[in-house]
Amino acid sequence: MIEKLHFITQENEIYTHLRCINAACEAGIKWVQLRIKDKTDEEILEQAIQAREICDQHKVKLIMNDHPDIARKIGADGVHLGKEDMPVDEARKIGSKMIIGATANTIEDVVGHVKNGADYIGLGPFRFTGTKKNLSPILGIEGYQKIMSDCAKKGIDIPIIAIGGITTEDIPKLMETGIHGIAMSGAIANSADMHNEIKRINEIIAR
Ligand code: TZP
Ligand code: MG
C-alpha cells in the first residue's frame, strides 16, 4: 500500500536526518524517504542503517532516495528514483520486491515510468522550493489538473504523489485534482510543532 503522506528527510537548524526521522515517527508519520545529498555512499549507508532501525521500531515504511543498492543492503521498503538516477526497470532487477517510485514532471514522464513498472509517481514541483536543486518547471495547480486529466484519458491509475513546496494549506486543492497523496519535507521538518502539524495534515488528507 502506498501511503498518502510521505515525509522526505532534510537537515535544518533543528534536525539531522536521523533526528528528523525520529521526531516524525514519534509524531505519527507512516512513510519516510531518506534523502541525503552531497555525502559519500559509505556515509549514506551508515545513516541508512540507522534510519532502518528507527523506522522498524515505529513500523514505518522507509524509502531510500537515489540508491537502489543501498536500499537493498539495508532492507528498505523501497527506493525513489529521480531524473538522473537508475531507470525503474533496471532498479527492479536489484530489488524485485521493492516499492519503486519515480519522479515525473510531464505526462510523458508518467507514461514512461508506468511502462517501466513503477509502483508510484512523485509528480512535481508544485511550486518553487529551496529543498531541491535543479528544479524542473513548476506545475502549479493547473499542471496537476492537466496531467491528471491526461492520465484518466490514457487509463493510467498509478498512485500519484504531489511534491515540491507544498504547504498544509495547499493540500485540499491538490487532492481535488485526483492525486493519491502528498510528499512534504520543509513544511514538516520546519514546523514549530511537528506532532500537531502531521496530525493536521493527516486529517486534511483523509477528508
Ligand atoms: N523533488 C521535487 S521537489 C522536492 C523534491 C525532493 C523537494 C520537496 O521538499 P519541500 O521542502 O516539501 O519543497
Ligand atoms: Mg535522485
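All ligand and atom numbering here is 1-based and tracks the order in the structure.
With H67 as the partner, the side-chain contact (heavy atoms from CB on, under 4.5 Å) test is satisfied by one option alone out of I94, D41, V79: D41.
At a 4.0 Å cut-off, not a single heavy atom of A187 sits close enough to ligand 1 to count as contact.
Nearest to atom 12 (O) of ligand 1 among the protein's heavy atoms is S185 N, 3.0 Å. When hydrogens are left out, the protein atom nearest atom 2 (C) of ligand 1 is K132 CD, 3.3 Å; that is the closest non-hydrogen contact. Remark: minimum distance from atom 3 (S) of ligand 1 to any protein heavy atom is reached at G164 CA, 3.5 Å.
Comparing T131, T103, I188, I163 against atom 11 (O) of ligand 1, the shortest heavy-atom distance belongs to T131.
Salt bridge status for D69 with K73: absent, with no side-chain N to carboxylate O gap under 4.0 Å. The existence of a salt bridge linking D193 and K199 is excluded, since no basic side-chain nitrogen approaches an acidic carboxylate oxygen closer than 4.0 Å. Comment: D89 does not engage K115 in a salt bridge, judged by the lack of any side-chain N to carboxylate O separation of less than 4.0 angstrom. A salt bridge links E197 with R200; the closest basic N to acidic carboxylate O contact falls under 4.0 Å.
Below 4.0 Å from some heavy atom of G165 lie the following atoms of ligand 1, by number and element: 10 (P), 12 (O), 13 (O). Less than 4.0 angstrom separates some heavy atom of T129 from each of these atoms of ligand 1: 3 (S), 10 (P), 11 (O), 13 (O).
Judged purely by distance below 3.5 Å, without hydrogens or angles, the side chains of Q33 and T9 never pair a donor atom with an acceptor atom. Looking at Q145 and T177, their side chains never bring a donor and an acceptor atom within 3.5 Å of each other.
Remark: ligand 1 and G186 share an N or O pair separated by less than 3.5 Å (distance only, no angle test). Annotation: R35 places no N or O atom under 3.5 Å from an N or O atom of ligand 1; distance criterion only.
Residues passing the ring-ring contact (aromatic ring centres under 6.0 Å, His included) test with H113, sequence neighbours excluded: none.
Cluster annotation: I204 and W31 are assigned to distinct hydrophobic clusters (Ile/Leu/Val/Met/Phe/Trp/Tyr, side-chain heavy-atom contacts under 4.5 Å, transitive). Criterion: ILVMFWY side-chain heavy atoms under 4.5 Å apart, direct or through other members. Under it, I179 and V114 are part of a common hydrophobic cluster.
Protein N/O/S atoms found under 2.8 Å from the Mg ion (ligand 2), listed by chain and residue number: D66 OD1, D85 OD2.
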